[in-house]
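First the structure, in the form of structure tokens, and then the observations on it.
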Amino acid sequence: MADELLAVRRAKLEKLRSDGIDPFPHAFPGVEPVAAVHTAHAGLADGEETTVAHRVAGRLAARRGQGKMAFLDLVDRSGRLQLQARQDVLGPELHERLLTQVDLGDIIGIDGTALRTKRGEISLRVDAFTVLAKALRPPPSKHHGLQDVETRYRHRELDLMANEEARELFIARAKTVTAVRRALDDAGFIEVETPVLQPLYGGALARPFTTHHHALDRTLYLRIATELYLKRCIVGGLERVYELGKDFRNEGLSTKHNPEFTMVEFYEAYADYGDVADRLETLVRSVAAQVGSVGAVDFEQPWRRVTLRDAIRDKTGIDFTAHADRDSLAAAIGDRLPTDERTWPQLVDDLLSTFVEPDLQQPTFVLDYPVQLSPFAKAHRSQPGLVERWEAFCGGVEIANAFTELNDPDEQRERFEAQARLAAEGDDEAAPYDEVFVQSLEHGMPPTGGVGLGIDRLVMALRDRSSIREVVLFPAMRDA
RNA sequence: GCCCCUGUAGCUCAACUGGCAGAGCAGCGGACUCUUAAUCCGAAGGUUCCAGGUUCGAUUCCUGGCGGGGGCACCA
């Protein structure tokens with residue numbers, strides 16, 4: 001069956017060749033987007049014809065009529081345009097070729113003349129056509145689109161081809177990236193590029209991907225964050241830097257996690273975590289305004305700010321600062337959560353993710369976290385045991401994380417040593433000791449606020465998608 | 001790692017309690033000079049994900065495997 005469909009298309013390919021036509025020519029210069037044809041002739045009356053010539057190109061998406069006049073739909077990146085093929089214009093041979101040798105899914109170029117049909121649709125009368133690429137496989141269903149989720153993820157080109165909303169989503173994603181860059185550029189940040197292949201990974205708590213450099217004969221890690229290199233740029237005096245790119249974490253897949261994902265981190269000298277909260281709020285509001293937001297999340301309203309302590313206390317009645325040791329906190333939690341073999345900071349995190357996070361639908365900053373899970377954040381100026389850190393949530397998902405950055409090299413050393421103890425106990429997400437980074441702090445890093453914003457999750461919020469796989473062009477999959 | 005759901009024609013989907021595996025679109029042959037999910041006529045198109053099992057008989061029930069979706073666990 002499939003073989004028959006392919007054989008029919010191959011036979012047409014050979015027929016084109018035997019007629020002296022190259023089914024894969026090298027270029028087709030002078031093409032206009034089809035949207036330009038629509039706008040140029042918006043004022044035409046029904047049935048009115050012009051002598052205005054246009055050259056367009058795209059994929060043949062539909063065909064109606066097989067007789068001496070047929071209508072075809074051409075789709076390009078700007079939209080859809082109806083073509084009117086007339087035997088009295090093309091002549092019998094070319095008309096026949098357009099209707100029989102050219103298949104749905106083929107890429108074709110059209111030289112035509114604008115008109116509005118009697119039924120009122122802006123169209124292009126076909127004066128000449130050029131096969132630009134013969135499609136040897138059939139396109140997805142023209143009016144059901146492509147529904148199969150697995151095929152949409154494994155063969156995104158078919159999703160893009162068949163589903164308008166898929167194209168819209170990835171265009172919106174591109175606009176999001178552009179808007180983020182513009183907002184940071186306009187605020188005086190410079191974009192830098194730091195190593196993806198790192199001798200030592202750091203800046204987050206996660207398992208890395210490991211690889212090997214043959215010439216240097218050494219292990220390298222794909223970065224889990226850009227944080228430490230960006231802080232070294234701050235030490236060097238660049239003062240406002242950002243990097244937007246992929247991070248890699250060797251952990252489980254979920255609707256919120258892809259092993260490679262896009263993050264923008266920005267660092268601002270002489271700012272603290274309150275300043276960068278304002279900056280993120282302004283930045284995301286600006287991005288949402290430029291890209292548009294279709295979901296229930298309202299980025300316009302001032303974002304709510306609540307301390308982690310109050311957020312958990314409001315939902316559970318538990319004040320974790322009043323239960324400063326593991327057993328006391330576990331007793332307060334009782335049977336609401338499993339507490340065996342959970343450490344104190346893990347229990348705090350469990351309370352957040354179970355009782356608080358799902359309700360954080362509108363944009364919210366949750367402030368002031370326990371020090372144990374934040375080895376790069378500066379101690380809180382007034383709350384012992386806490387650090388100046390916030391996470392931003394919307395749609396029940398964390399989208400950003402920020403600190404007043406730790407710039408005391410001696411304390412940073414102690415934090416690394418604490419992480420090393422965790423690693424010795426078997427924690428494979430503990431941060432490795434990075435002496436080069438500590439020494440850079442010993443040269444003096446100004447007080448600095450830093451933010452990491454997940455681009456994938458921001459796009460999920462802007463386009464109301466519940467799975468990260470919907471907003472990543474080619475998500476990680478098992479072998480088929 | 002665990003739990004639930006799921007896999008049928010190129011695409012979108014049917015098939016009741018186990019009883020000959022079907023439709024629309026696409027494709028193929030034919031008609032058609034204003035269609036737009038074009039219409040009409042005709043003929044085709046299947047390893048029902050894979051391997052076993054139960055049964056006279058399995059798309060259907062059972063076991064295992066593979067893929068996918070969701071959830072739990074894990075998670076800057």
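Please read all numbers here as calculations on a predicted model, not as lab measurements. Below, each value reflects all heavy atoms present in this structure, side chains not excepted, and no hydrogens, waters or symmetry copies. Lettering of chains follows the sequences in order, A, B, ..., and the numbering in each one begins at 1.
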Between Arg63(A), Arg59(A), Arg64(A), which is the residue that forms a salt bridge (Lys or Arg N to Asp or Glu O under 4.0 Å) with Asp73(A)? Arg64(A)
Pairs: protein N or O with nucleotides 69-73 of chain B N or O, under 3.5 Å:
residue : atom : partner   : partner atom : Å
G69(B)  : OP1  : Arg469(A) : NH1          : 2.2
G69(B)  : OP2  : Arg469(A) : NH1          : 3.0

Whole-Å distance, Leu72(A) CG to A37(B) P, equals 15 Å
Side chain of Gln346(A) only, please: which of G27(B), C75(B), U36(B) is the nearest? C75(B)
What pairs with Phe209(A) under side chain to side chain contact (heavy atoms under 4.5 Å, CB included), at least two apart in sequence or on another chain? Leu222(A), Phe248(A), Asn250(A), Pro259(A)
Spacing of the P atoms in C40(B) and G27(B) (rounded, Å): 16 Å
Residue mapping more 5' on RNA chain B - nearest nucleotide basis, Arg63(A) or Gln147(A): Gln147(A)
Could you check whether Gly47(A) gets within reach of a base, just the sugar-phosphate, or nothing at all, counting any heavy atom under 4.0 Å? nothing
Between Glu243(A) and Thr194(A), a side-chain donor and acceptor under 3.5 Å: yes
I'd like a table of atom pairs between the protein and nucleotides 31-33 of chain B - only N or O on both sides, under 3.5 Å - with the distance next to each one.
residue : atom : partner  : partner atom : Å
C32(B)  : N3   : Gln66(A) : N            : 3.4
C32(B)  : N3   : Gly67(A) : N            : 3.4
C32(B)  : N4   : Gln66(A) : N            : 3.2
C32(B)  : N4   : Gln66(A) : O            : 3.0
C32(B)  : N4   : Gly67(A) : N            : 3.2
U33(B)  : OP2  : Lys68(A) : N            : 3.1

Under a 3.5 Å limit for both distances, which nucleotide forms a Watson-Crick or G-U wobble pair with G42(B), could you say? C28(B)
U33(B) and G69(B), which share atom name P, separated by this distance in whole Å: 49 Å
So which nucleotide does U47(B) pair with, by the Watson-Crick or G-U wobble rule with both distances under 3.5 Å? none
Can you tell me how far P of U36(B) sits from CD of Gln84(A), to the nearest Å? 14 Å
Glu251(A) side-chain proximity, nearest of C75(B), C28(B), C13(B): C75(B)
How would you list all residue pairs meeting ring-ring contact (aromatic ring centres under 6.0 Å, His included) that involve residues 61-92 of chain A, not counting sequence neighbours? none
Looking at residues at least two apart in the chain, or sitting in another chain, which of them share a salt bridge (charged side-chain N to carboxylate O under 4.0 Å, His left out) with Arg167(A)? Glu164(A)
Would you tell me if any nitrogen or oxygen in the side chain of Arg478(A) comes within less than 4.0 Å of OP1 or OP2 on G68(B)? yes
Name the one of Leu458(A), Leu244(A), Thr262(A) that satisfies side-chain contact (heavy atoms from CB on, under 4.5 Å) with Val177(A)? Leu244(A)
Which of C75(B), C34(B), G67(B) is nearest the side chain of Arg154(A)? It is G67(B)
Considering heavy-atom distances to RNA chain B, does Ser123(A) or Asp148(A) have its closest nucleotide positioned more toward the 5' end? Asp148(A)
The criterion is salt bridge (charged side-chain N to carboxylate O under 4.0 Å, His left out); which residues satisfy it with Arg137(A), sequence neighbours excluded? none
Lys256(A) with Glu398(A): basic N within carboxylate O range, under 4.0 Å: no
Side chain of Glu4(A), heavy atoms from C-beta onward: which of G10(B), G45(B), U36(B) has the nearest atom to it? G45(B)
How many Å lie between CG on Leu99(A) and P on G30(B), as a whole number? 12 Å
Which of C11(B), C28(B), U36(B) is nearest the side chain of Leu146(A)? It is C11(B)
Euclidean distance, atom CG of residue Asn258(A) to atom C1' of C75(B) [Å, nearest integer]: 14 Å
Applying side chain to side chain contact (heavy atoms under 4.5 Å, CB included), name anything that partners Gln412(A), two or more places apart in sequence or on another chain. Phe376(A), Leu406(A), Arg415(A), Phe416(A), Phe437(A), Val438(A), Leu441(A)
State which residues pass salt bridge (charged side-chain N to carboxylate O under 4.0 Å, His left out) with Asp349(A); sequence neighbours excluded, sorted by chain then number. none
Could you tell me which nucleotide pairs with G1(B) by Watson-Crick or G-U wobble geometry, both distances under 3.5 Å, or answer none if nothing does? C72(B)
Does any nucleotide pair with G22(B) by Watson-Crick or G-U wobble geometry, both distances under 3.5 Å, and what is it? C13(B)
Contacts of type salt bridge (charged side-chain N to carboxylate O under 4.0 Å, His left out), residue Arg116(A), not counting sequence neighbours: none
Taking CD from Glu49(A) and C1' from C34(B), how many angstroms apart are they, rounded to a whole number? 11 Å
What's the closest nucleotide to the Gln82(A) side chain, out of C34(B), C28(B), U36(B)? U36(B)
Using Watson-Crick or G-U wobble geometry with both distances under 3.5 Å, which nucleotide pairs with G67(B)? U6(B)
Name the closest nucleotide to the Lys118(A) side chain, picking from C34(B), U12(B), G27(B). C34(B)
